[in-house]
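Quick notes on the structure that follows.
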There are 2 protein chains.
Amino acid sequence: MVYAQIPDIIVGRLPRYLQVLTWMLSDGIQTTSSQDLGERIGISAAQIRKDLSQFGEFGKQGTGYSIPFLVNQIQAILNVKQVWNIALIGAGDLGHAIARYQGFANRGFRIAMVFDIDQNKIGREIGEFIIQDIAAMVETIRSADIKIAMITVTAQSAQGVAEKLVEAGIKSILTYAPVPLKLPPGIFIQYIDPIIQLQHMTYYLGN
Amino acid sequence: MVYAQIPDIIVGRLPRYLQVLTWMLSDGIQTTSSQDLGERIGISAAQIRKDLSQFGEFGKQGTGYSIPFLVNQIQAILNVKQVWNIALIGAGDLGHAIARYQGFANRGFRIAMVFDIDQNKIGREIGEFIIQDIAAMVETIRSADIKIAMITVTAQSAQGVAEKLVEAGIKSILTYAPVPLKLPPGIFIQYIDPIIQLQHMTYYLGN
DNA sequence: CATTGTGAACGGGTTCACAGCA
DNA sequence: TGCTGTGAACCCGTTCACAATG
């Protein structure tokens, strides 16, 4: 099967599949069908079959998909059989919550270091980490060969921090700051802003 | 102009426009063009013009769009000229961070109450709130006539909590629990799971 | 017999290109 | 002249429908 060029929209659905499949597995379910999976996720059975068939023939006619097998395949496709180290920038309330979150481990990630600019925070502990001075960030991240960063600093600081991260060799950034980042091509950026999602819903709530 | 049926995909982009426009305004920028806005957000100028033209003629040929005017229009469309009260369920680390977050106010939202099931937390303060017993949640939310909830409980509890929220009259749910919620039609659900976005990016990071 | 994998048909979102206007 | 608003063209993602198969 030729690995062609997979549309990004399909890649974006794979983590969702993985999430649900893992959840099913923890419920003791070993097998599923495109129909069943589709209902759980809220998309059509045809779409699931088409998506998965981009990467190989993972199912069996008449019986469906083996969940452990499928989980394995998707983990491999998404490169999360390994554990990725993440640098977390910003040790405010949100940074604290992320640093202490226990859900990264079995999904392919690990917070490896935490930085902040506030002298009162530097040196303090947060979860199992010691907050490091952002002044040393570029060098520290580069020598640890970390490729992924999460940003929880203020909107004002985000762009500056992001530029330093690129300098440090970071390739993927997940930012919680509600501002668009302008970075060189080749850097992947994802945004999390709960208010954007709330406003999407209030449109339908009428007035 | 007929309000027809606006495609959901367009509605979903409006909050992003609003976010960026507000940011520009705070930078003192008063005017923009579809070109300029597009570059900042990372989508085409044509798309921005098409999107905005769904709701009226907001621009002026030759000069572009007035940002204060556009912000006003989009806020009205998204129903965020008013302030929506939100019930927050789950007073863990993430719940704390959200309860104390100062960024909701000027974007149309306000955390109004916080619930948890843990007897050790109930009665304690978190930001300006007192954590309430989840046992009283349905009645409290209903009598306060709250329509929006944010869930930061564990994956195991999320479905049960969500069902009680529906019972309480909640119409929109933003959940941080990494499990799909199965709820009656008419309830809007949005998911936030940073790991899904991280896994989307690791696909492109190769191995 | 249930369910996959997939070419073909479909539909809708995006881009194009340009008339219209400040 | 510069930039919007918009019909038409295009393209791409989704759905359909069915042959293939354990």
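The model shown is predicted, which means the values in this text are computed figures rather than measured ones. Below, chain A is the first sequence line, B the second, and so on; all start at residue 1.
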| field | Rounded distance in Å - CD1 (A:I67) to P (C:dT4) | value | 12 Å
| task | Could you tell me whether B:R40 sits above the aromatic face of B:Y17, with NZ or CZ closer than 6.0 angstrom to the six-membered ring centre and within 45 degrees of the axis? | result | no
| query | Counting distance only, does the side-chain N/O of A:N79 pair as donor-acceptor with the main-chain N or O of B:T202 below 3.5 Å? | reply | yes
| message | Without decimals, in angstroms, what is the distance between B:I48 CD1 and C:dC16 C1'? | response | 16 Å
| said: On DNA chain C, compare the nucleotides closest to B:I9 and A:Q35; which residue's is nearer the 5' end? | reply: A:Q35
| Gap between atom CG of A:L205 and atom CG of B:L78 - 0.5 Å precision | 11.0 Å
| request: Check every atom of D:dT15, D:dT4, C:dG13 against the side chain of A:S44 and return the nucleotide holding the closest atom. | output: D:dT15
| said: Check the phosphate of D:dG22 against A:T63, side-chain N and O only, distance under 4.0 Å to OP1 or OP2. Yes or no? | reply: no
| query | Quick one: the side chain of B:K50 and the base of C:dT15, do they pair up donor-acceptor inside 3.5 Å? | reply | yes
| field | Candidate nucleotides D:dA20, C:dT15, C:dG5, ranked by approach to the side chain of B:A46 - the nearest | value | C:dT15
| said: Whether B:S33 contacts D:dC3 is assessed here as follows: a side-chain N or O lying under 4.0 Å from the phosphate OP1 or OP2. Is that the case? | reply: no
| field | Residue whose closest nucleotide on DNA chain D lies nearer the 5' end, A:I10 versus B:G64 | value | B:G64
| Phosphate OP1/OP2 of D:dG22: any A:Y65 side-chain N/O under 4.0 Å | no
| field | Atom pair distance, as rounded to whole Å: CD in A:Q54 and P in D:dC12 | value | 14 Å
| To the side chain of B:E57, which of D:dT6, C:dT14, C:dT4 is closest? | D:dT6
| said: Within the 4.5 Å heavy-atom criterion, are B:S157 and B:I117 side-chain neighbours or not? | reply: no
| task | Decide if the gap between the ring center of B:Y65 and the ring center of B:F58 is smaller than 6.0 angstrom. | result | no
| C:dG13, C:dG5, D:dT15: which one has an atom nearest the side-chain heavy atoms of A:R49? | C:dG5
| task | Among D:dA20, D:dC18, D:dT6, find the nucleotide with the atom closest to the side chain of A:Q61. | result | D:dA20
